[in-house]
Engineer: 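Encoded as C-alpha cells, here's the structure I'll be asking about.
Computed from heavy atoms alone, side chains included, the values below leave out hydrogens, waters and symmetry copies. Each ligand, and each atom within it, is numbered from 1 in the order the structure gives.
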Amino acid sequence: MEASSLPLSEFPNLSVDPARLPRHVAIVMDGNGRWARVRGLNRCEGHRRGKDSVRAVVETARQLGIPYLTLFAFSNENWQRPKTEVRFLMQLFHRYLITESKRLMKRDIRVVAIGEMSRLPAAVRRVLSDTIRLTAGNRTMTVVLALSYGGRQDVVEAARRIAEAVAAGRIKPEQVDERMLQRELLTWNIPDPDLLIRTSGELRLSNFLLFQLAYTELYFTETLWPDFRERDLLRALCAYQGRTRRFGMVDDGASISLSAANQA
Ligand code: FPP
C-alpha cells in the first residue's frame, strides 16, 4: 500500500476532533537536503522524496476535511541555489502537476498558486495555469502552492498598489487599514492560516506569509520533510487542538475557542 493511502484508523492514539480542525494549515517543508545528506545522497533525492510527503499530506488533510493547505514549495530566496538544484526542483513541480492532476480532480481539490509566477520557467507556468484552470471548480479542498513566493515582497506589492490608489485620489490615506492591505495580498481570498508547521527543527518563518501569520499557532518538529507523513500531520493537529487561541485577549473562559476561531 502506498504511504499516501494509509487509512487514518491506522493511528488510533492520534485522534483529532473533527469539530476543531484548523481551517487552514500552512507548511514550511524543510530538511530535504539534510535528509539526503545523512544518507550520502544528492540533495535532489531529498526533494524527490519530499514530493511523496506532499502527496501524503494533501491526501491526509483532504481525508480529515481541512479546507485549505498552503505549501511553501519555493521561496524568492531559493532562486539563489545552485542552478542544477533549481532546475531539478522546477522539473519536479512540473512532473508533480502533470502526474497529480487526475488525483486532484478525483479528490475534488482545487489548486491555486501564490508568488511571482513570471519568474518560473515557461513550461512550469503553462502546466501550473492548466492545473489551476482544470481544478478551479473543485470545492472540497484548496491546495495553495507558494512558488517563488516572498512574504515581504507580497506586502510591498500590496502597499505599492494602495499608494498608487492614494496618489490617484481614489482613496484617502486615512482609509488605509488592515482589511484593505489584506485585500491586496496574494492571499486576498484565502483565510489566514490557523496552524503553521515547519519541519526539520528550524525555528524561523523565512519570509513566509508574514502578514497572514499574525495570530497563527506555530508548530515546529525535528522531523525532516521527506519523513513527514500522515502520523506527523496528526501529531501537529493534536498539538494544535491542545492550544487555546486568545487572539491577544485574556484567557478568562470567554476567549475564542478553536472551533469559534475556525468560523471567523
Ligand atoms: C527545503 O528543504 C525545501 C525546498 C526548498 C523545496 C521544497 C520542495 C519539495 C518538498 C518538493 C516537492 C514539492 C511539490 C510541491 C511537488 P532544503 O532543501 O532547504 O533542506 P535543507 O535545509 O536540509 O538543506
Side-chain angles (χ1 to χ4, degrees), residues 2-4 25-62 68-104 107 109-117 119-121 123-125 127-132 135 141-151 196-209 220-230 232-233 236:
E2 67 186 36
S4 59
V25 176
I27 309 184
V28 180
M29 309 183 286
D30 197 10
N32 295 353
R34 273 162 287 168
W35 183 93
R37 198 176 60 224
V38 296
R39 287 163 179 79
L41 301 169
N42 184 287
R43 297 178 52 79
C44 292
E45 285 309 313
H47 298 315
R48 199 197 305 277
R49 170 76 177 230
K51 185 161 71 86
D52 300 338
S53 301
V54 168
R55 180 184 283 174
V57 165
V58 168
E59 195 79 8
T60 307
R62 160 72 175 76
Y68 292 90
L69 176 69
T70 297
L71 301 172
F72 202 6
F74 196 86
S75 72
N76 262 338
E77 293 71 27
N78 289 155
W79 290 113
Q80 287 152 37
R81 291 192 175 203
K83 273 194 172 62
T84 47
E85 185 175 343
V86 170
R87 199 173 314 125
F88 182 89
L89 278 166
M90 293 300 142
Q91 283 165 359
L92 199 67
F93 300 144
H94 188 262
R95 208 168 322 131
Y96 170 80
L97 291 165
I98 289 178
T99 56
E100 289 305 288
S101 70
K102 233 193 203 153
R103 184 188 289 265
L104 294 166
R107 306 283 196 271
I109 298 173
R110 175 171 72 123
V111 173
V112 299
I114 53 173
E116 232 183 303
M117 298 307 138
R119 292 187 79 181
L120 299 174
V124 176
R125 271 204 317 267
V127 72
L128 185 60
S129 45
D130 287 350
T131 309
I132 291 171
T135 62
M141 181 187 181
T142 299
V143 171
V144 184
L145 295 177
L147 285 166
S148 190
Y149 176 83
L196 172 85
I197 299 171
R198 180 168 188 150
T199 59
S200 89
E202 303 294 346
L203 309 178
R204 293 187 289 278
L205 294 181
S206 297
N207 202 15
F208 190 39
L209 300 173
F220 298 101
T221 170
E222 295 286 328
T223 304
L224 304 176
W225 178 252
D227 290 328
F228 193 95
R229 297 298 160 95
E230 294 90 336
D232 306 281
L233 180 61

Engineer: Might you work through the side-chain contact (heavy atoms from CB on, under 4.5 Å) test for Ser129 and Met117, ending with a clear yes or no?
Structural biologist: CA-CA 10 Å; Ser129 45; Met117 298 307 138; over 6 Å; no

Engineer: In terms of atom number and element, which parts of ligand 1 are under 4.0 angstrom from non-hydrogen atoms of Arg43?
Structural biologist: 17 (P), 18 (O), 24 (O)

Engineer: Taking 4.0 angstrom as the limit and counting only heavy atoms of Gly33, give me the atoms of ligand 1 inside it, by number and element.
Structural biologist: 17 (P), 18 (O), 20 (O), 21 (P), 23 (O), 24 (O)

Engineer: Quick one: does Leu71 get a heavy atom under 4.0 Å from ligand 1?
Structural biologist: no

Engineer: Would you say Arg229 and Asp52 make side-chain contact, with heavy atoms under 4.5 Å?
Structural biologist: yes

Engineer: Is the shortest side-chain heavy-atom distance between Arg107 and Met141 below 4.5 Å?
Structural biologist: no

Engineer: Would you say Ser200 and Trp225 are linked by a side-chain donor-acceptor pair, where the criterion is simply a distance under 3.5 Å?
Structural biologist: no

Engineer: Within a distance under 4.0 Å of any heavy atom of Asn78, pick out the atoms of ligand 1 and give their elements.
Structural biologist: 5 (C)

Engineer: Can an N or O of Trp225 be found at a distance shorter than 3.5 Å from an N or O of ligand 1?
Structural biologist: no

Engineer: What protein heavy atom lies closest to atom 1 (C) of ligand 1? Include the residue and the distance to one decimal.
Structural biologist: Met29 O, 3.2 Å

Engineer: How far does CD1 of Ile197 sit from OG1 of Thr70, to the nearest 0.5 angstrom?
Structural biologist: 11.5 Å

Engineer: Give yes or no for whether the N/O distance cutoff of 3.5 Å, strictly under, is met between Asn32 and ligand 1.
Structural biologist: yes

Engineer: With a 4.0 Å heavy-atom cut-off (strictly under), which part of Leu224 contacts ligand 1: side chain, backbone, both or neither?
Structural biologist: neither

Engineer: Which of the numbered atoms in ligand 1 are under 4.0 angstrom from any heavy atom belonging to Phe93?
Structural biologist: 13 (C), 14 (C)

Engineer: Would you sort out whether Phe93 and Leu120 count as a side-chain contact (heavy atoms from CB on, under 4.5 Å), showing the intermediate values?
Structural biologist: CA-CA 10 Å; Phe93 300 144; Leu120 299 174; 5.8 Å; no

Engineer: Could you tell me, atom by atom, which parts of ligand 1 come under 4.0 Å of a heavy atom of Arg34?
Structural biologist: 21 (P), 22 (O), 23 (O)

Engineer: Could you point out which residue of Arg43, Arg48, His47, Arg49 forms a side chain to side chain donor-acceptor pair (under 3.5 Å) with Glu45?
Structural biologist: Arg48

Engineer: Looking at Tyr96, which atoms of ligand 1 are within less than 4.0 Å of one of its heavy atoms?
Structural biologist: 16 (C)

Engineer: For atom 6 (C) of ligand 1, what is the nearest protein heavy atom, given as residue, atom name and distance?
Structural biologist: Ala73 O, 3.4 Å

Engineer: When you measure from atom 19 (O) of ligand 1 to each heavy atom in His94, Arg81, Glu85, Arg49, which option holds the nearest one?
Structural biologist: Arg81

Engineer: Measuring from non-hydrogen atoms of Gly31 to any atom of ligand 1, is the shortest distance under 4.0 Å?
Structural biologist: yes

Engineer: Starting from the C-alpha separation in whole Å, work towards a yes-or-no answer on side-chain contact (heavy atoms from CB on, under 4.5 Å) for Asp227 and Asp232.
Structural biologist: CA-CA 9 Å; Asp227 290 328; Asp232 306 281; 5.9 Å; no

Engineer: Check the orientation of Phe74 and Trp79. Use parallel for under 30°, tilted for 30 to 60°, and perpendicular for over 60°.
Structural biologist: perpendicular

